[in-house]
Amino acid sequence: MTERELPSIDNQGAISIAPYRYAACVEYAGSAYKGWQRQKTGNVPTVQQYVEEALSKIANHPVSVVCAGRTDAGVNGTYQVIHFDSLVPRPQRAWVMGANTHLPNDIAIHWVVDVDDSFHARFSALERRYRYLILSQPVRPAILNKGVTWTHKTLDIELMRKGGEHLVGEHDFTSYRSVNCQAKSPVRHVKSLNVYASGQMIVIDVVANAFLQHMIRNIAGVLIAIGAKEKPTHWAKDILDARDRREGGVTAPPHGLYFVDVKYPDTYQLPASPLGPHFLNTSG
């Protein structure tokens, strides 16, 4: 019997076994789902719902999962980290292969590893990374039409990059979050914000300690307007300084947004994955 299998006795004298904790990486295309988070009504499809149902079948008991960062309806994930507890041990391969047989084709578990009870997918995270993909061309795409954001406007990447520089650092991002955002504080630390070309696509790549609701989509909307030369580069800072969402411009569509990475302390030794999505020509 391993240390984690040692029985414990609660206040009523009942003997129980401490659960096993696992971390996992989930990839998903978000276009068919109403976001990550399970909804109160069961007829609303969410990524969390399908993942929990699949893992529950392998565990033979109900499983609840906690994610690194909840994504909105239509948003994609290539490196969404979760943790879950199980009353029974399973080989890592059994979790992965077994759960994937019960998941729809647009959701996949890439790996599952054992972690100790101190690991928490959300609270143990040090930083998160998103990429926003824009296809700038005269005609809308037929392929990946729900995997990128299309604009017919010609965008100047250098102007977008200069606008984004105003957002790097620790700031009050009230103007860049949804009016329905429930985060207690609007202050976030953006560690890097890069804009670059990947083939025909423009990538907005942002790393921060955490993000607010619609924060990346609002940043993308502002940078698209700047890149189209509809607004000057300092408009990004003017919006930031206003601390008023009404000054923030258009919220960009969700399907160009990808949750691509999350960092944890090295002590957990979670597997690394290539930065997604896999169809990008460069890793940035």
So which atom in [X] and which in [Y] form the shortest heavy-atom distance, rounded to 0.1 Å?
X: Thr78; Y: Val260; answer: OG1-CA, 3.3 Å
X: Leu55; Y: Ala99; answer: CD2-CB, 3.9 Å
X: Tyr50; Y: Pro104; answer: CD2-CD, 3.8 Å
X: Val96; Y: Ile109; answer: CG1-O, 3.5 Å
X: Glu247; Y: Ile239; answer: O-CG1, 3.2 Å
X: Ser198; Y: Leu280; answer: OG-CD2, 3.6 Å

Taking side chain as C-beta onward, heavy atoms only, is [X] less than 4.5 Å from [Y]?
X: Ile143; Y: Phe279; result: no
X: Ile134; Y: Ile224; result: yes
X: Leu193; Y: Ile219; result: yes
X: Arg217; Y: Asp72; result: yes
X: Ser118; Y: Tyr268; result: yes
X: Asn145; Y: Arg140; result: no
X: Cys67; Y: Val47; result: no

- [ ] Evaluate the criterion side-chain hydrogen bond (donor to acceptor under 3.5 Å, both in side chains) for residue pair Arg245 and Thr251; output intermediate values, then yes/no.
- [x] CA-CA 10 Å; Arg245 176 61 203 138; Thr251 301; 3.2 Å; yes
- [ ] Kindly indicate, with the supporting measurements, whether the criterion side-chain contact (heavy atoms from CB on, under 4.5 Å) is fulfilled by Tyr33 and Tyr28.
- [x] CA-CA 10 Å; Tyr33 304 100; Tyr28 52 93; 5.5 Å; no
With hydrophobic residues grouped by side-chain heavy-atom distances under 4.5 Å, do [X] and [Y] end up in a single group?
X: Val81; Y: Val113; result: yes
X: Leu103; Y: Met97; result: yes
X: Trp111; Y: Tyr264; result: yes
X: Leu223; Y: Leu159; result: yes
X: Ile157; Y: Trp235; result: yes

TODO: Answer yes if the ring centres of His120 and His83 are under 6.0 angstrom apart, and no otherwise.
DONE: yes
State whether the side chain of [X] and the backbone N or O of [Y] hold a donor-acceptor pair below 3.5 Å, judged by distance alone.
X: Gln80; Y: Gly69; value: yes
X: Tyr130; Y: Ile204; value: no
X: Arg177; Y: Ala183; value: yes
X: Asn76; Y: His255; value: yes
X: Arg128; Y: Asn209; value: yes
X: His102; Y: Lys57; value: no
X: Gln213; Y: Gln182; value: no
X: Arg21; Y: Val115; value: no
X: Ser136; Y: Lys153; value: yes

About how many Å separate [atom2] of [Y] and [atom1] of [X], when rounded to the nearest 0.5 Å?
X: Tyr132; Y: Ile216; atom1: OH; atom2: CD1; answer: 10.5 Å
X: Arg129; Y: Tyr79; atom1: CZ; atom2: OH; answer: 12.5 Å
X: Tyr20; Y: Leu87; atom1: OH; atom2: CG; answer: 9.5 Å
X: Ser124; Y: Phe119; atom1: OG; atom2: CZ; answer: 5.5 Å
X: Asn218; Y: Leu167; atom1: CG; atom2: CG; answer: 11.0 Å
X: Glu165; Y: His234; atom1: CD; atom2: NE2; answer: 14.5 Å

Step through the shown structure and confirm whether more than 12 heavy atoms of other residues, nucleotides or ligands are within 6.0 Å of [atom1] on [X].
X: His152; atom1: NE2; answer: no
X: Asp244; atom1: CG; answer: yes
X: Arg122; atom1: CZ; answer: no
X: Leu126; atom1: CG; answer: yes

TODO: Go through Leu240 and Ser175 one step at a time and tell me if the side-chain contact (heavy atoms from CB on, under 4.5 Å) criterion holds.
DONE: CA-CA 6 Å; Leu240 186 69; Ser175 297; 5.9 Å; no
Task: Sole candidate of Arg161, Lys191, Arg131 that passes salt bridge (Lys or Arg N to Asp or Glu O under 4.0 Å) when paired with Asp205 - done: Arg131
Task: Test log, rule side-chain contact (heavy atoms from CB on, under 4.5 Å), inputs Val190 and Met215 - done: CA-CA 11 Å; Val190 172; Met215 180 173 164; 3.8 Å; yes
Task: Audit row: Lys34, Gln49, side-chain contact (heavy atoms from CB on, under 4.5 Å) steps and yes/no - done: CA-CA 11 Å; Lys34 299 298 183 183; Gln49 172 191 339; over 6 Å; no
TODO: Kindly assign one of parallel, tilted or perpendicular to the pair Tyr22 and Phe84, based on the angle between their ring planes and the thresholds 30° and 60°.
DONE: parallel
